[in-house]
Amino acid sequence: MADDERNSGAAAEASPLSDLATAVPDGQLRLAYQPILSLDTLQVVGVEALIRWQHPARGLVPPAEFIPVAEHSGLIVDIGAWVLLEACRQAAAWAELNPGAHELHMSVNVSARQMAPASGLVEAVQNALTQSGLDPSMLGVEVTESALTNDPEAALRVVNELKELNIQVAVDDFGTGGSTWDDLSRFPVDALKIDRSFVSGLGGSDDDAMVVRSIIDLAKDLGILTIAEGIETRGQLAALQGYGCGYGQGYLWSPGRPAADLGPTLFQSAADSGRR
Ligand code: C2E
Ligand code: MG
Ligand code: MG
């Protein structure tokens, strides 16, 4: 692709920096929450927080269109801190609204730039936990492979500090980054999230099935969790259950939705939660 073409692409043109810089102070950012289920019991065990930008002129802007701009400009640091606090407050609010119900784990995406030691991620997490009162064990961050392997020494320090806070760390989009397990094995992560591109091939592509199985086997050897992304069909669900994948999320149950729209469905019984 020519540079001109790339620069005129939606991501570059549609997200002027000046607009994005005011998104946090103007209260234009929103979080959608996608349920994460145990594939064993089909009970909702947690949610993933997914950011959206409610732009005054453009409507709801998906993260792919502005997170890269936010990363590039450094605005991701403020945006990321907002996401952490908002997500922790929501998790604490759900726990308070539903006394006696099982607590929901809250998973927050963190970008490569936020993993740089000078970005203040650890402080932002600490601040969000203190201000919300959320139990740290109910919070996790999702970090992509490349965010870990770009500058492994620096990332390892940050991951270790996050683990000292007693929060979970998951590797997002696992299998897409081209890194070997040797590259990743020294990071004390709690879970691997199997990328949607492999899950969508289940039932059709033997190659995808093989990748999915090997990720699950690897995680089992390491004693860590597996979470499959983008489960859309009962066939994919059955295959993942057969391979022993622990957890999953996807349109089969729900896309990301505002907290108010999820409500009691998060706490429904195992018998009901297999339905869309
Ligand atoms: P991700 O963390 O891998 O999130 C999963 C994406 O897959 C979400 O897209 C979700 O809506 C979508 N998805 C979930 N289930 C299905 C399914 O069954 N079928 C299909 N076709 N898609 C499904 P979304 O919300 O557009 O987010 C895209 C990416 O943006 C995320 O990928 C994550 O990398 C990034 N992102 C989202 N929120 C944040 C945030 O707060 N901070 C940062 N740094 N990045 C974020
Ligand atoms: Mg994620
Ligand atoms: Mg992912």
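Each ligand, and each atom within it, is numbered from 1 in the order the structure gives.
The proximity of T144 to ligand 1, defined as any non-hydrogen pair under 4.0 Å, does not occur for either the backbone or the side chain. Under 4.0 angstrom from ligand 1, there are no non-hydrogen atoms of K193.
The ligand atoms of ligand 1 that sit less than 4.0 angstrom from a heavy atom of E232 are 17 (C), 18 (O), 19 (N), 20 (C), 21 (N). For ligand 1 and I231, the ligand atoms under 4.0 Å from any heavy atom of the residue are 18 (O). Residue Q114 has at least one heavy-atom neighbour below 4.0 Å for each of these atoms of ligand 1: 44 (N). Under a 4.0 Å criterion applied to the non-hydrogen atoms of D173, ligand 1 contributes the atoms 3 (O). With ligand atoms numbered from 1 in the order given, ligand 1 contributes 41 (O) to contacts under 4.0 Å with heavy atoms of V83. Near G250, with a cut-off below 4.0 Å to any heavy atom, the atoms of ligand 1 are 15 (N), 18 (O).
The shortest distance between side-chain heavy atoms of I231 and V199 falls below 4.5 Å. Proximity of F66 to L75: side-chain heavy atoms (C-beta onward) are nowhere separated by under 4.5 Å. In this structure, M115 and L148 have side chains that are in contact, with non-hydrogen atoms separated by less than 4.5 Å. Taking the side chain as every heavy atom from C-beta outward, L252 and R234 approach each other to under 4.5 Å. Considering only heavy atoms from C-beta on, R89 comes within 4.5 Å of Q131 through its side chain.
Of the possible polar contacts, none joining the N166 side chain to the P136 backbone as a donor-acceptor pair under 3.5 Å is found. Checking side-chain atoms of N160 against main-chain N and O of L156 turns up a donor-acceptor pair under 3.5 Å. Of the possible donor and acceptor atoms, none in the side chain of E86 sits under 3.5 Å from a partner among the backbone N and O of R30. Listed for the E145 side chain is a donor-acceptor partner under 3.5 Å among the backbone atoms of G175. A donor-acceptor pair is defined here as one N or O able to donate and one able to accept, closer than 3.5 Å; no such pair exists between the side chain of N109 and the backbone of V141.
Here the closest non-hydrogen pair linking A228 and L240 is CB-CD1, 3.6 Å.
Remark: ligand 1 and I51 share an N or O pair separated by less than 3.5 Å (distance only, no angle test). On a distance-only criterion, D172 and ligand 1 share at least one N/O pair closer than 3.5 Å.
Of the candidates E48, K193, E142, Q168, E142 is the only one forming a side chain to side chain donor-acceptor pair (under 3.5 Å) with S107.
Judged by distance alone, the side chains of S38 and D40 never bring a donor and an acceptor atom under 3.5 Å apart. Side chains of Q249 and Q34: a donor on one and an acceptor on the other come within 3.5 Å. Side chains of T149 and S146: no donor on one and acceptor on the other come within 3.5 Å.
Protein heavy atom closest to atom 7 (O) of ligand 1, with residue, atom name and distance, is R196 NE, 4.0 Å. Looking from atom 31 (C) of ligand 1 to the surrounding protein, the closest heavy atom is L50 CD2, 4.5 Å. Nearest non-hydrogen protein atom to atom 45 (N) of ligand 1 is N109 CB, 3.7 Å. Protein heavy atom closest to atom 27 (O) of ligand 1, with residue, atom name and distance, is P63 CG, 3.3 Å. In this structure, the protein non-hydrogen atom closest to atom 12 (C) of ligand 1 is Y251 OH, 4.3 Å.
For Q34, the closest heavy-atom approach to ligand 1 falls below 4.0 Å. For E48, the heavy-atom gap to ligand 1 drops under 4.0 angstrom.
Taking a cut-off of 2.8 Å, the protein N, O or S atoms nearer than that to the Mg ion (ligand 2) are E48 OE2, N109 OD1, E142 OE1, D172 OD2.
Protein non-hydrogen atoms do not reach within 4.0 Å of atom 9 (O) of ligand 1.
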